[in-house]
Amino acid sequence: MSYITRSFKKLGTKDPYIHFLKTLKYSLYVIVHPADGFWDLIHAKRGSYSAANFIVLLTVLTHIWKLQFTSFLFNNTNWEKVNVFMEIATILLPLVIFCICNWAVTTLFDGKGKLGQIYMGTAYALTPYPLIQIPILILSRFITADEGTFYYVFNNVSVLWCAMLIFMAMMMIHQYGFGKTVLFTIFTIFGMLVFIFIMLLFFSMISQGVAYFVSLAREIMFRLN
């Protein structure tokens with residue numbers, strides 16, 4: 001018996017795989033009952049990090065599949081020029097930066113959520129993206145350009161639904177009211193912009209420093225020769 005299985009049995013769960021499936025299935029409840037769903041997700045321990053990681057992974061894969069397999073009528077991406085690692089980063093980096101900035105901002109103003117809880121809530125809030133995007137990806141192969149309205153509508157619905165769920169997740173996790181959640185969502189977005197600016201400035205300085213020492217080394221080698 002593996003260590004993970006023994007650990008789950010100590011926690012009262014007979015099978016870690018059943019626990020994973022139950023917590024993953026709970027995401028379907030969360031997306032239609034966000035208030036109760038996100039509250040129980042965190043405070044009643046109805047979620048799991050394994051399910052959250054799976055949802056994030058599926059979201060990333062869906063984004064890549066969308067670029068590769070969506071009909072050319074609705075997608076003008078040249079797959080041969082796509083950098084898969086950059087596309088993965090477009091999903092994971094905003095997720096990581098959002099969780100860090102939201103945790104940093106709300107911690108200063110009586111936010112109840114921990115960093116791991118913010119990540120779990122945000123991950124579960126991404127559930128509608130693969131649920132909607134995968135079917136419309138398949139649908140795009142069978143509809144004409146004149147019928148593309150359905151594709152674009154459901155494409156926007158998936159994004160707006162995720163945004164609404166993230167908002168509700170932060171409200172329930174931090175135990176804020178509606179107005180306070182709006183305020184700290186704005187602060188989080190501002191914090192993300194500041195964080196990105198600082199990181200870009202940092203890497204710019206690092207690259208300039210490396211370039212300076214490389215040119216200095218070349219100059220020394222040139223003079224020695």
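The figures that follow rest on heavy atoms only: side chains count, while hydrogens, waters and symmetry mates do not.
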**Message:** A side-chain contact here means heavy atoms from C-beta on lying under 4.5 Å apart; do Asn155 and Gln133 qualify?
**Reply:** yes
**Rounded distance [0.5 Å steps], CZ in Phe54 versus CG in Leu61** = 8.5 Å
**Asked** Is Val84 reachable from Leu58 through a run of I, L, V, M, F, W or Y residues, each pair having side-chain heavy atoms under 4.5 Å apart?
**Response** yes
**Request:** Answer yes or no: is there a donor N or O on one side and an acceptor on the other, between the side chain of Arg46 and the main chain of Val30, under 3.5 Å?
**Result:** no
**Message:** Looking at Tyr176 and Gly111, would you say the former's side chain and the latter's main chain have a donor-acceptor pair under 3.5 Å?
**Reply:** yes
**Asked** Does some side-chain heavy atom of Trp161 sit less than 4.5 Å from a side-chain heavy atom of Thr127?
**Response** no
**Prompt:** Can you check whether Leu160 reaches Met164 side chain to side chain, under 4.5 Å on heavy atoms?
**Reply:** no
**Item:** Connected via hydrophobic side-chain network under 4.5 Å: Phe190 and Trp103
**Value:** no
**Asked** Under 3.5 Å, side chain of Ser204 to main-chain N/O of Leu200, donor-acceptor pair present?
**Response** no
**Message:** Looking at Tyr26 and Gly37, would you say the former's side chain and the latter's main chain have a donor-acceptor pair under 3.5 Å?
**Reply:** yes
**Request:** Compare every heavy atom of Pro130 with every heavy atom of Pro135, then report the nearest pair and how far apart it is.
**Result:** CD-O, 3.9 Å
**Heavy-atom pair of closest approach, residues Ala51 and Thr23** = CB-OG1, 3.5 Å
**Request:** Indicate yes or no: at least one non-hydrogen side-chain atom of His63 is less than 4.5 angstrom from one of Tyr129.
**Result:** yes
**Request:** Consider only side-chain heavy atoms of I, L, V, M, F, W and Y, link residues closer than 4.5 Å, and tell whether Val159 and Met168 are in one cluster.
**Result:** no
**Request:** Kindly state whether the ring of Phe20 and the ring of Tyr17 have centres lying under 6.0 angstrom apart.
**Result:** no
**Request:** State yes or no: are the ring centers of Phe98 and Phe195 separated by less than 6.0 Å?
**Result:** no
**Asked** Going only through I, L, V, M, F, W and Y residues with side-chain contacts under 4.5 Å, is there a path from Tyr152 to Ile132?
**Response** yes
**Item:** Pair Phe187 and Phe184, ring centroids less than 6.0 Å apart
**Value:** yes
**Message:** Please report the interatomic distance CG(Leu41) to OH(Tyr124), rounded to the nearest 0.5 Å.
**Reply:** 5.5 Å
**Item:** Nearest atoms (heavy-atom pairs only) where Ile196 meets Ile97
**Value:** CG1-CD1, 4.0 Å
**Request:** Can you measure from NZ (Lys25) to CD1 (Ile18) and round to the nearest 0.5 angstrom?
**Result:** 12.5 Å
**Request:** For the residue pair Tyr119 and Asn102, confirm or rule out a side-chain donor-acceptor distance under 3.5 Å.
**Result:** no
**Fill in**
When rounded to the nearest 0.5 Å, the distance separating OG1 of Thr149 from CD1 of Ile143 is 9.0 Å
**Message:** If I compare all heavy atoms of Pro34 with all of Met172, which pair ends up nearest, and what's the gap?
**Reply:** O-CG, 4.2 Å
**Derivation of the ring-ring contact (aromatic ring centres under 6.0 Å, His included) call for Phe178 and Phe167** = CA-CA 9 Å; Phe178 179 83; Phe167 180 85; 5.4 Å; yes
**Asked** Looking at Gly121 and Ala169, what are the two nearest heavy atoms and their distance?
**Response** O-CB, 4.0 Å
**All ring pair (Phe, Tyr, Trp, His ring centres under 6.0 Å) counterparts of Tyr151, not counting sequence neighbours** = Phe74
**Prompt:** Is it the case that one hydrophobic cluster holds both Ile166 and Leu183, taking links as side-chain heavy atoms less than 4.5 Å apart, direct or via other members?
**Reply:** no
**Request:** Could you pull out the closest heavy-atom pair between Thr122 and Cys99, with the gap in Å?
**Result:** OG1-SG, 4.2 Å
**Prompt:** Side chains of His43 and Gln175: closer than 4.5 Å at any heavy-atom pair?
**Reply:** yes
**Request:** Kindly indicate whether the side chain of Leu93, heavy atoms from C-beta on, has any atom under 4.5 Å from the side chain of Met199.
**Result:** no
**Prompt:** Are any non-hydrogen side-chain atoms of Leu131 and Ile31 less than 4.5 angstrom apart?
**Reply:** yes
**Request:** Report yes or no: does His174 contribute a side-chain atom to a donor-acceptor pair with the main-chain N or O of Met170 at less than 3.5 Å?
**Result:** no
**Message:** Within this structure, what is the CG-OG distance for the pair Leu165 and Ser27, rounded to the nearest 0.5 Å?
**Reply:** 10.5 Å
**Asked** Hey, what do you get for CG (Leu137) to CG (Leu67), rounding to the nearest 0.5 Å?
**Response** 9.5 Å
**Prompt:** Can you tell me if NZ on Lys22 sees more than 12 non-hydrogen neighbours from other groups inside 6.0 Å?
**Reply:** no
